[in-house]
Amino acid sequence: MAALQPVRGTHDYLPDDSRAHRAVEDIAREVAERFGFGEIITPIFEFTEVFARTLGDTSDIVTKEMYTFEDRSGDRLTLRPENTAGVARAFISGGLAQSVPVKLFYRGPMFRHERPQKGRLRQFHQVGVELLGVEGPLGDVDVISLGYQLLDALGLGGRSILHLNSLGDPESRQVYREALVAYLSGHKERLSEDSLNRMERNPLRILDSKDEGDREVVADAPLLSDHLNAASRAFLERVTGGLTDLGIAFEYDPKLVRGLDYYCHTAFEFVTTDLGSQGTILAGGRYDGLVKQMGGPPTPGIGWAAGVERLAMLRGEGTVTAPRPIAMVPTGADVESETITLADRLRRAGFILDLGYSGNMGKRMKRANKINARAAIIVGGDELAQGTVGVRDLDSGDQETVALSALEAFLARFR
RNA sequence: GCGGGUGUAGCUCAGUUGGUUAGAGCGCGUGGUUGUGGUCCAUGAGGCCGUCGGUUCAAAUCCGAUCACUCGCCCCA
């Protein structure tokens, strides 16, 4: 078909797809509202610095994955690759520090110039939450619990595992980083080229390398958990304790790290084995330094994001079905105006009515069947003369004559 | 950005060692049925064989490039 294609890594969602997509977003918003989170809608593009400064100059997202352009007034703008930075910016712009804790939910498109795969697109969609202004571990527990309940509400409760780690506070992290680099420096010859590059910029990343040689070296590396100071350790224990209280199973994973620089303490991911190498479906962590780094008042934060396409894909096709309409079937062109008027009346009453637009009666009945109509209202001249219409139950085949005046009441069973 | 696989009808796929008019099922249109769907029967439409170039008397088939999808890596949701 060739000629006219969508931009690589972008997709059209026709009604069947968009319905599944929207269901994920709706359920996420609903669960977030249960936790007292309200939806925030931020622009899908920001000044480039919003992302460049907060995501870290060395992250892949900033160095090679952003859609950045100059607009007609010469501003450097970027299509958001994620939304934590945008929400933090809105938090600062809007002076929301006055009303912490701030609990926000968001959903919408994100853009990353990556090589597309199943479950990885250049324009994809995320739902996410951010909790700002809460210092204590109870915030971490609540936010993780929200993610857990979302997966459960989506019917994915049994299909993913929560991985959890603590990156410690900045002090712990610094001490550990030095210990790790010291160890790795002694094994340079066995590390992959990628990891050698990571040594200086982001050595923690080497911990979750998939390279076999790296894994062997990493197996004996010092553990982050051994370098947490007392405060960081206590924080982690209160988080894990809270999760246990809620019956949320997790795997402590000392090699779980974050690609983005502003994370500290809690890092977590819900992972499934059902999506190949795109198994992470919901991931987040604590980012206490972010808001201050952006120029706002020091404000702790924690949140997560989840990929809508990945979630929808995991739920499978046909999970979300279209509501079944009632079909209007006039017996001929002579009753067309009565048909439209009646459809209008029933739609105002909240029924879903499908007009066939054209064709003889047989054709319209076929169409009614094809669109999975629950019932057909047969509008004929003879019946109208008596003040009635025929109503056919398309599942059972039973047909009854119903007075126009009693139609809404009769149709209630097909709602 | 790196490595592998795959591109034939709207969809899922056949297509022999290169051989002249490229097929099937599903779906779609029309009729059998001028006031009654599903089943059935008949019949029809729909293809630059992803695109461009090369080899050949001859290419869906072989070669190259390119685009898209896909699997793995990097990274990430």
Side-chain angles (χ1 to χ4, degrees), chain A residues 1-11 14 24 28 55 58-65 81-84 107 109-128 147 160 192-195 197-198 202 205-206 208-212 214 257-260 269-272 275-284 304-314 327 329-335 356 359-384 389-399:
Chain A
M1 309 126 298
L4 208 48
Q5 293 179 328
V7 172
R8 183 174 200 199
T10 67
H11 285 310
L14 270 45
V24 170
L55 296 180
T58 62
S59 74
D60 274 25
I61 289 182
V62 170
T63 54
K64 51 188 199 196
E65 292 178 1
E82 54 92 45
N83 205 30
T84 299
R107 47 151 267 273
M110 309 293 162
F111 306 84
R112 292 181 198 172
H113 191 99
E114 292 189 285
R115 180 133 172 188
Q117 280 179 35
K118 187 198 287 286
R120 171 191 292 173
L121 304 166
R122 288 186 171 178
Q123 174 175 340
F124 63 107
H125 298 75
Q126 290 186 328
V127 292
S160 61
S192 67
E193 200 178 321
D194 281 333
S195 288
N197 290 331
R198 285 188 280 229
N202 197 351
R205 264 283 161 213
I206 299 176
D208 66 355
S209 169
K210 282 165 191 158
D211 179 88
E212 214 167 297
D214 289 349
V257 293
R258 287 268 76 101
L260 307 181
E269 294 181 356
F270 285 87
V271 179
T272 175
L275 286 178
S277 60
Q278 273 70 249
T280 301
I281 51 174
L282 186 154
W304 52 251
V308 175
E309 284 84 359
R310 289 183 186 181
L311 293 174
M313 202 179 296
L314 273 180
V329 181
T331 57
D334 54 319
V335 291
N360 59 27
M361 190 177 174
K363 201 148 299 195
R364 288 179 191 247
M365 285 299 286
K366 279 191 174 130
R367 177 182 158 79
N369 194 60
K370 195 174 69 184
I371 63 175
N372 195 30
R374 180 71 185 79
I377 297 176
I378 289 129
V379 183
D382 296 345
E383 289 90 336
L384 282 179
V389 289
V391 176
R392 187 178 182 85
D393 181 328
L394 291 177
D395 287 345
S396 69
D398 298 338
Q399 184 166 331

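Proteins come first, then strands; the chains are lettered A, B, ... in the order of their sequence lines, and each starts at number 1.
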Could you check whether [X] gets within reach of a base, just the sugar-phosphate, or nothing at all, counting any heavy atom under 4.0 Å?
X        : result
A/Leu311 : nothing
A/Leu121 : base
A/Gly359 : nothing
A/Arg364 : nothing
A/Gly128 : nothing
A/Ala368 : nothing

Gap between atoms [atom1] and [atom2], on [X] and [N] respectively (whole Å):
X        : N     : atom1 : atom2 : result
A/His11  : B/A77 : NE2   : C1'   : 15 Å
A/Glu269 : B/A77 : CD    : P     : 8 Å
A/Glu65  : B/A77 : CD    : C1'   : 12 Å
A/Glu309 : B/C76 : CD    : P     : 18 Å
A/Arg120 : B/C76 : CZ    : P     : 10 Å
A/Ile371 : B/C28 : CD1   : P     : 13 Å

Report yes if at least one side-chain N or O of [X] is closer than 4.0 Å to OP1 or OP2 of [N]; otherwise report no.
X        : N     : answer
A/Arg8   : B/C69 : yes
A/Gln117 : B/C69 : no
A/Lys363 : B/U33 : no

Partner nucleotide, any strand, of [N] [Watson-Crick/G-U, under 3.5 Å]:
N     : result
B/G25 : B/C11
B/G18 : none
B/A60 : none
B/G37 : none
B/U51 : B/A65

What's the gap between [N] and [M] when it is taken at their [atom1] atoms, as a whole Å value?
N     : M     : atom1 : value
B/C13 : B/G18 : C1'   : 22 Å
B/U55 : B/A59 : P     : 11 Å
B/U17 : B/C62 : P     : 11 Å
B/A45 : B/C69 : C1'   : 29 Å
B/G53 : B/G10 : P     : 23 Å
B/G54 : B/A9  : C1'   : 28 Å
B/A24 : B/A65 : P     : 36 Å
B/U56 : B/G64 : C1'   : 16 Å

I want to check something: taking the side chain as every heavy atom from C-beta on, are [X] and [Y] in contact at a cut-off of under 4.5 Å?
X        : Y        : value
A/Glu309 : A/Arg120 : no
A/His125 : A/Gln123 : yes
A/His113 : A/Pro81  : no
A/Met361 : A/Ile378 : yes
A/Val329 : A/Val379 : no
A/Arg122 : A/Glu65  : no

In B/S/- notation, 5' to 3', how is nucleotides 34-45 of chain B contacted by protein heavy atoms closer than 4.0 Å? -BBBB-------

Taking all non-hydrogen atoms of both residues, which atom of A/Leu394 and which atom of A/Ala368 are closest, and how far apart? CD1-CB, 4.0 Å

Heavy-atom pair of closest approach, residues A/Arg310 and A/Thr280: NH1-O, 2.8 Å

Contacts of A/His113 and A/Phe270 projected onto RNA chain B by closest heavy atom; the upstream (5') one is A/His113

If each of A/Val7 and A/Ala306 is mapped to the nucleotide of RNA chain B with the nearest heavy atom, which maps nearer the 5' terminus, i.e. the 5' end? A/Val7

Rounding to 0.5 Å, atoms NZ (A/Lys366) and CG (A/Asn360) come to a distance of 8.5 Å

May I have all residue pairs that pass salt bridge (Lys or Arg N to Asp or Glu O under 4.0 Å) and include part of residues 367-380 of chain A, sequence neighbours excluded? A/Asp354-A/Arg367, A/Arg374-A/Asp393, A/Arg374-A/Asp395

Determine whether any donor atom in the side chain of A/Arg115 lies under 3.5 Å from an acceptor atom in the base of B/C76, or the reverse, and answer yes or no. no

